[in-house]
Amino acid sequence: MGNTVNRRFSLYRLCVFFFFIGLRFVFGDVSYSVAEEMKRGSVIGNIGKDLGLGIATLSSRKARIDTDGNDKRYSDINLSTGDLIVTERIDRESLCGKKATCILKEELVLENPLELHRISIHVQDINDNAPLFSEDLISFEITESADKGARFLLTDAHDADVGTNTVQRYSLQNNEHFTINVATEGSGRKHSELVLVKELDREHENELKLLLTALDGGSPQRSGTAIIHVTVLDANDNAPVFSQAVYKTSLPENSPVDTPVVTVSATDADTGANGDITYSFDHTSDDHVSLFSLDHKTGEIRVIGSIDYESERSIEMRIRAKDGPGLTSFCTVLLDVTDVNDNPPAISLKSLTNPIPENVSPGTEVGIINVQDRDSENNRQVRCSIQENVPFKLVPSIKNYYSLVTTGQLDRELVSDYNITISATDEGSPPLSSSKTVQLSVADINDNPPVFEEQSYSAYVTENNKPGSTLCSVTARDPDWRQNGTVIYSLLAGEVNGAPVSSYLSVNGDTGVIHAVRSFDFEQFRSFKVHVMARDNGSPPLSSNVTVSVFISDVNDNSPQILYPAPEGNSFMTELVPKAAHGGSLVSKVMRWTRTPDRTPGCPII
Ligand SMILES: *[C@@H]1O[C@H](CO)[C@@H](O)[C@H](O)[C@H]1NC(C)=O
Ligand SMILES: *[C@@H]1O[C@H](CO)[C@@H](O)[C@H](O)[C@H]1NC(C)=O
Ligand SMILES: *[C@@H]1O[C@H](CO)[C@@H](O)[C@H](O)[C@H]1NC(C)=O
């Protein structure tokens, strides 16, 4: 606080002097320089010495400091030292504001004679005010899409001081996005602005708080701060992102409608509509759209159709996520359909020898059967079985083929048709089964000769029969089929009494009825035997023969006579026993008829 005394004899002072001389006595001006805010009692300068007035003079002439009008008196004179001292707080800013020079005008008044000296006190600025921002918080809303180099005007800080004690520069807290730039307008007015040097990213940082400092040029330097608060506004600069590029899951076939399958999820770093996601199928293959529903908001996929493992073992779907303005991304859902035992085995007859001859040897293959199960793994493992009590078995062959093979001798005459039931059961849980009936006929082989119903036949005929009369009939049966079982009867060649049998008897080839060819004479011969053959029509034919005995009985065709020796050619029988026969003598053989002799057609057994 140097206070210098300037005696000035400038033109200005002379003019003032001459202006006042008419009113009062004015001897001269003194001027001081003093820093503001000096303590009360601080010495501004020794005005006594400066005006050449001794201490005694000052007292005797009642020296005092005066101001114009009501102006406050900032200084006074110490009469015992002649010092001009500070009496009131001198605040340059309240006295002069932003004026570059600040002068307090006072007067030293002396009496006897009245004498007046103007005192100019130059108040010097000290850096007693810090820069001050009008608000502590400077808010900006800047979109993240703002380009590098964008500028944002800042409100200035104010400093009540003047000159270099006012705001000289600004500094911004170190950060990567903004710098501060002080621009000078045409008028010379300076203003500061934020300059974007690196683009903002709301998704990374949605707000920034930067400390802005205004610094003055005083010594010591003073500063003021404000917080710059930047709210980063969203731009749709992010596409939705799925939590997984591929969602893998599995689903049992036949899952009921509404079964949840998987939920895809995408996030969008943007906010509001920019981050609002809707899901949809990417309609590349429309057939899956009928199988699944997709919740557009939640991304949940559910079953709406029938899922069939056998028609599709894995399903691939593309799902799209779209945000409000339309940025999209895709994910893939890979669905493994798992098998459920929903298909029974299918039995098919690939070939069948039908009918099969009854003489095939055991182990002959008569058919080939194929068994398929459309399911997988255990669900397609099939066991095949055949019903019991049939002379057939299944022999596993390559893959899922089976041979149907005979296990024993067949006999058409016993069983001519088989309904063979084949069952197939898979190993699923629960197992499924199916069955198929194979109809098989046994073809005939001529393996049975005709067989006569009786071991031998006897025919009884009374003599003198009419030629052509029926003697009896023979019957042979052959269980073979058609011609193999068709029986033809015939007489085997032979002689009776030197004549061929055919001159005595004939046999109806179809019916087996035996007729007499001639009339028999009991008296000529009483019995004879023929052989009848039964032959089937097979190729080669089979045959058998049977003996037919013909007994001729007597009728009373001769006059009564001695029976023994019998006369020839008599056929009438009257009394067989003579009246006077001796007791015990052989009279004759007496035949006793058990039945009427000329009954037909059967031949009674002897
Ligand atoms: C076999 O099945 C058919 C048709 O079902 C039937 O008519 C026939 O009598 C059956 N045969 C046997 C030997 O069971
Ligand atoms: C009779 O048997 C023979 C074999 O001995 C056979 O070839 C033929 O087909 C059979 N006839 C009929 C009608 O079954
Ligand atoms: C008649 O049958 C018997 C026994 O069945 C046989 O021994 C004989 O050879 C057969 N005769 C003819 C001619 O077939």
Side-chain angles (χ1 to χ4, degrees), residues 343-373 382-397 400-426 432-454 473-492 507-513 531-546:
N343 288 286
I347 303 169
S348 54
L349 187 60
K350 290 294 175 188
S351 79
L352 183 68
T353 311
N354 189 26
I356 44 160
E358 56 181 324
N359 66 343
V360 294
S361 48
T364 303
E365 181 183 88
V366 298
I368 293 171
I369 280 146
N370 180 260
V371 181
Q372 301 275 4
D373 193 307
V382 176
R383 285 170 194 278
C384 259
S385 64
I386 194 164
Q387 81 188 88
E388 286 175 10
N389 308 324
V390 289
F392 298 97
K393 66 176 179 183
L394 283 177
V395 177
S397 180
N400 31 26
Y401 284 91
Y402 293 84
S403 293
L404 182 63
V405 164
T406 59
T407 56
Q409 200 66 57
L410 302 179
D411 186 358
R412 190 202 66 84
E413 288 70 41
L414 241 45
V415 185
S416 61
D417 287 289
Y418 289 98
N419 285 343
I420 306 166
T421 303
I422 293 163
S423 308
T425 305
D426 65 28
L432 293 176
S433 56
S434 61
S435 65
K436 184 175 187 73
T437 298
V438 176
Q439 270 181 284
L440 192 65
S441 303
V442 181
D444 188 46
I445 292 293
N446 193 21
D447 55 351
N448 289 284
V451 173
F452 283 98
E453 285 181 340
E454 311 295 347
S473 73
V474 294
T475 308
R477 307 216 178 267
D478 187 326
D480 289 324
W481 183 244
R482 298 267 161 87
Q483 64 262 40
N484 292 339
T486 304
V487 179
I488 300 159
Y489 303 95
S490 59
L491 280 175
L492 281 183
V507 62
N508 184 313
D510 294 332
T511 62
V513 174
H531 294 284
V532 176
M533 183 176 72
R535 179 179 58 85
D536 64 27
N537 215 2
S539 169
L542 295 176
S543 65
S544 54
N545 62 61
V546 75

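Here the structure is a predicted model, which means the values were calculated and not measured. Ligands are counted one by one from 1 in listed order, and the atoms in each one are counted from 1 as well. Residues take their numbers from the sequence shown, with the count starting at 1.
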Open item on the list: Please give me the minimum heavy-atom distance between I445 and E413, naming the atom from each residue.
Closed with: O-OE2, 4.4 Å
Task: Per-atom contacts of ligand 2 with R482, taking only distances under 4.0 Å to non-hydrogen atoms - done: 13 (C)
- [ ] Starting from atom 12 (C) of ligand 1, locate the nearest protein heavy atom and write down its residue, its atom name and how far away it is, to 0.1 Å.
- [x] N419 ND2, 3.3 Å
Open item on the list: Minimum distance, heavy atoms only, to atom 9 (O) of ligand 2: which one of N537, T486, D444 is it?
Closed with: D444
- [ ] Would you mind reporting whether Y402 and P396 have side-chain heavy atoms less than 4.5 Å apart?
- [x] yes
- [ ] Classify the ring geometry between Y418 and F392 as parallel (under 30°), tilted (30 to 60°) or perpendicular (over 60°).
- [x] perpendicular
TODO: Give the residue, atom name and distance (to 0.1 Å) of the protein heavy atom nearest atom 4 (C) of ligand 1.
DONE: Q439 NE2, 4.2 Å
Task: Heavy atom of the protein closest to atom 5 (O) of ligand 2 (residue, atom name, distance) - done: N446 N, 3.2 Å
- [ ] For L352 and Q439, work out which heavy atoms get closest and say how close.
- [x] CD2-O, 3.7 Å
- [ ] For atom 7 (O) of ligand 2, state whether the nearest protein heavy atom is under 4.0 Å away.
- [x] no
- [ ] Within a distance under 4.0 Å of any heavy atom of Q483, pick out the atoms of ligand 2 and give their elements.
- [x] 13 (C)
Open item on the list: With heavy-atom distances below 4.0 Å as the criterion, list the atoms of ligand 2 near W481.
Closed with: 13 (C), 14 (O)
Task: The one among I420, V390, D417 that brings a heavy atom closest to atom 13 (C) of ligand 1 - done: D417
- [ ] Please answer whether the main-chain N or O of G363 pairs with a side-chain N or O of T406 as donor and acceptor at a distance below 3.5 Å.
- [x] yes
- [ ] Heavy atoms only: give me the nearest C384-L394 pair and the separation to one decimal.
- [x] CB-CD1, 3.8 Å
Open item on the list: Please list the nearest protein heavy atom to atom 1 (C) of ligand 2 with its residue and the distance rounded to 0.1 Å.
Closed with: N484 ND2, 1.4 Å
Open item on the list: Checking N343 against D373: is there a side-chain donor and acceptor pair closer than 3.5 Å?
Closed with: no
